[in-house]
There are 2 protein chains.
Amino acid sequence: MQSIGMTIGEVSKRSGVKVPTIRFYEQIGLLPSPPRSDGNRRQFDGQDLRRLSFIRHARDLGFEVNDIRELLSLADQPSQSCHEADSIAQRHLLEVEARIEKLSALRTELQRMVQECDHGRVCECRVIQILGDHGECRHETH
Amino acid sequence: MQSIGMTIGEVSKRSGVKVPTIRFYEQIGLLPSPPRSDGNRRQFDGQDLRRLSFIRHARDLGFEVNDIRELLSLADQPSQSCHEADSIAQRHLLEVEARIEKLSALRTELQRMVQECDHGRVCECRVIQILGDHGECRHETH
DNA sequence: CTTACTTCCTCTAGTGACTAGAGGAGCAAG
DNA sequence: CTTGCTCCTCTAGTCACTAGAGGAAGTAAG
């Protein structure tokens with residue numbers, strides 16, 4: 001673990017976060033502003049790398065930036081109760097489950113649309129018909 | 001079906017598309033600009049209502065505006081082959097299936113995080129630990 | 001030392017699909 | 001006539017980046 005003087009390109013490669021995104025994270029205060037070299041280049045260290053990896057992993061898991069902000073400030077105070085971190089994760093789990101359900105219903109309807117289309121003309125195309133006539137839709141959630 | 005002189009509020013209620021969103025759709029050319037009354041109010045008719053319902057249904061199904069633009073122009077030419085409409089729907093189905101798979105993997109990892117957290121202090125919280133240490137993650141896709 | 005190439009810097013603007021709000025005008029009921 | 005609702009236009013904000021301009025600094029080869 002190289003801990004002194006990584007360039008933004010290095011820390012980008014190691015963390016998997018793109019260079020402009022790192023600058024963006026600094027701008028919105030998700031990552032502390034690192035010191036600069038004589039030539040005004042950002043100098044990152046191991047802690048920055050860990051923080052970026054944390055952010056990236058949380059983003060991959062679909063956490064929003066504000067959630068991550070909270071999770072990071074929790075991670076910075078290790079002796080506190082983790083109750084809040086847990087509830088953020090729980091809330092997020094519920095959201096993910098809701099989205100899976102909605103998408104599954106959607107898939108069913110799309111499958112039906114595609115199956116029923118026998119590739120004739122538009123005027124008898126089930127895809128167009130079903131989209132146009134909401135009453136024919138068996139999708140329950142809307 | 002009231003076919004002449006619906007206000008934007010009426011057509012909004014009937015289609016389920018919010019008033020500012022209707023104006024937005026007109027602005028981006030998804031909905032043709034309706035005629036105006038003496039008092040400069042928009043006057044919608046039954047065709048506008050059908051078009052809005054079509055758009056709303058497609059948006060509910062997750063189609064992007066550019067897809068809808070294409071689907072609408074297909075629906076406007078009913079004697080053409082519906083091959084294109086079908087392929088848009090097929091492509092979209094594949095995307096939805098991919099998203100469901102990704103979300104399912106994610107749910108598994110979130111469930112594991114939440115289960116393993118025994119509500120102690122942050123320094124031993126599995127939620128924080130797993131987010132911080134990517135190596136511990138059993139999520140295959142990243 | 002010069003040249004070329006890459007990486008870095010800041011800044012602005014664009015993305016998608018809206019949403020919010022300001023500031024004002026029309027319309028219908030009491 | 002006043003109150004309150006809906007409507008109008010316009011601008012700016014949302015989220016999480018991404019793209020591009022225009023320029024400076026670092027690095028490797030000749």
Side-chain angles (χ1 to χ4, degrees), chain A residues 2 4-31 33-44 48 51-52 54-72 88 92 95 99 102 106 142, chain B residues 2 5-31 33-45 48 51-52 54-72 88 92 95 99 102 106 142:
Chain A
Q2 189 172 346
I4 275 179
M6 268 178 288
T7 66
I8 198 168
E10 269 170 45
V11 84
S12 165
K13 225 174 276 173
R14 284 161 182 256
S15 66
V17 181
K18 288 184 202 151
V19 168
T21 306
I22 295 174
R23 289 197 275 251
F24 169 74
Y25 286 160
E26 180 185 340
Q27 193 189 313
I28 64 171
L30 207 55
L31 195 69
S33 293
R36 302 292 183 110
S37 72
D38 289 353
N40 199 33
R41 307 296 170 88
R42 291 173 177 81
Q43 288 175 305
F44 296 92
D48 296 316
R51 201 170 178 94
L52 272 174
F54 185 107
I55 294 170
R56 200 214 154 185
H57 195 181
R59 286 292 299 140
D60 278 350
L61 289 174
F63 287 92
E64 290 174 12
V65 163
N66 279 342
D67 287 340
I68 297 177
R69 220 182 277 276
E70 223 173 319
L71 287 169
L72 276 167
I88 292 172
H92 189 60
E95 275 163 26
R99 273 168 65 192
K102 221 185 149 190
L106 203 157
H142 60 278
Chain B
Q2 189 171 347
M6 269 179 287
T7 65
I8 197 168
E10 269 170 46
V11 83
S12 163
K13 226 175 274 172
R14 284 161 181 257
S15 66
V17 181
K18 288 184 201 152
V19 169
T21 306
I22 294 174
R23 289 197 275 252
F24 171 73
Y25 285 160
E26 181 186 339
Q27 192 189 314
I28 64 172
L30 207 55
L31 196 69
S33 295
R36 301 293 182 110
S37 73
D38 289 352
N40 198 31
R41 309 293 172 89
R42 289 171 179 84
Q43 289 175 303
F44 296 93
D45 62 12
D48 296 317
R51 203 172 177 92
L52 272 174
F54 184 107
I55 294 170
R56 200 215 154 185
H57 195 182
R59 285 292 301 140
D60 277 350
L61 288 175
F63 286 92
E64 292 175 10
V65 164
N66 279 342
D67 286 340
I68 297 176
R69 220 183 277 276
E70 224 172 321
L71 287 169
L72 277 169
I88 292 173
H92 189 58
E95 275 164 27
R99 272 167 66 193
K102 223 185 149 189
L106 203 155
H142 60 276

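Proteins get letters first, then strands, A, B, ... in listed order; numbering begins at 1 in each. Note: hydrogens, waters and symmetry copies are ignored here, and every other heavy atom, side chains too, is used.
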Between [N] atom [atom2] and [X] atom [atom1], what is the distance in whole Å?
X	N	atom1	atom2	value
A:R56	D:dC17	CZ	C1'	15 Å
A:L30	D:dC17	CG	C1'	13 Å
A:I28	C:dC11	CD1	P	17 Å
A:Q43	C:dC9	CD	C1'	14 Å
A:I22	C:dT7	CD1	C1'	13 Å
A:Q27	C:dC11	CD	P	9 Å
A:E26	D:dC17	CD	P	15 Å

Can you name the atoms? Protein N/O to nucleotides 15-17 of chain C N/O, anything below 3.5 Å, with the distance.
{"unit_1": "C:dA17", "atom_1": "O3'", "unit_2": "B:R59", "atom_2": "NH2", "d": "3.4"}

Q.
My understanding is that only one of B:L71, B:L72, B:D60 makes a side-chain contact (heavy atoms from CB on, under 4.5 Å) with B:I55; could you say which?
A. B:L72

Q: Would you mind telling me which of D:dT9, C:dT19, C:dT10 lies closest to the side-chain atoms of A:R23?
A: C:dT10

Q: Flag yes if more than 12 heavy atoms outside A:R99 fall under 6.0 Å of its CZ atom; otherwise flag no.
A: no

Q | Heavy atoms from other residues, nucleotides or ligands near CZ of B:R69 exceed 12 (cutoff 6.0 Å) | A | yes

Q: Heavy atoms only: give me the nearest A:I28-A:V65 pair and the separation to one decimal.
A: CD1-CG1, 3.9 Å

To the nearest 0.5 Å, what is the distance between [atom1] on [X] and [atom2] on [Y]?
X	Y	atom1	atom2	answer
A:R51	A:L31	CZ	CG	6.5 Å
A:L52	A:T21	CG	OG1	10.0 Å
A:Q43	A:E10	CD	CD	11.0 Å
A:I68	A:F54	CD1	CZ	8.0 Å

OP1, OP2 of [N] versus side-chain N and O of [X]: anything below 4.0 Å?
X	N	answer
A:K18	D:dC17	no
A:R36	D:dA24	no
A:R42	C:dT10	yes

Please tabulate the protein-to-nucleotide N/O contacts below 3.5 Å involving nucleotides 24-28 of chain C, giving atom names and distances.
{"unit_1": "C:dG26", "atom_1": "O4'", "unit_2": "B:R41", "atom_2": "NH2", "d": "3.1"}

Q. If you look at every strand shown and take non-hydrogen atoms under 4.0 Å, does A:I8 touch a base, only sugar-phosphate, or nothing?
A. sugar-phosphate

(Q) Given 3.5 Å as the limit, does a donor-acceptor pair link the side chain of B:D45 with the main chain of B:D48, or not? (A) yes

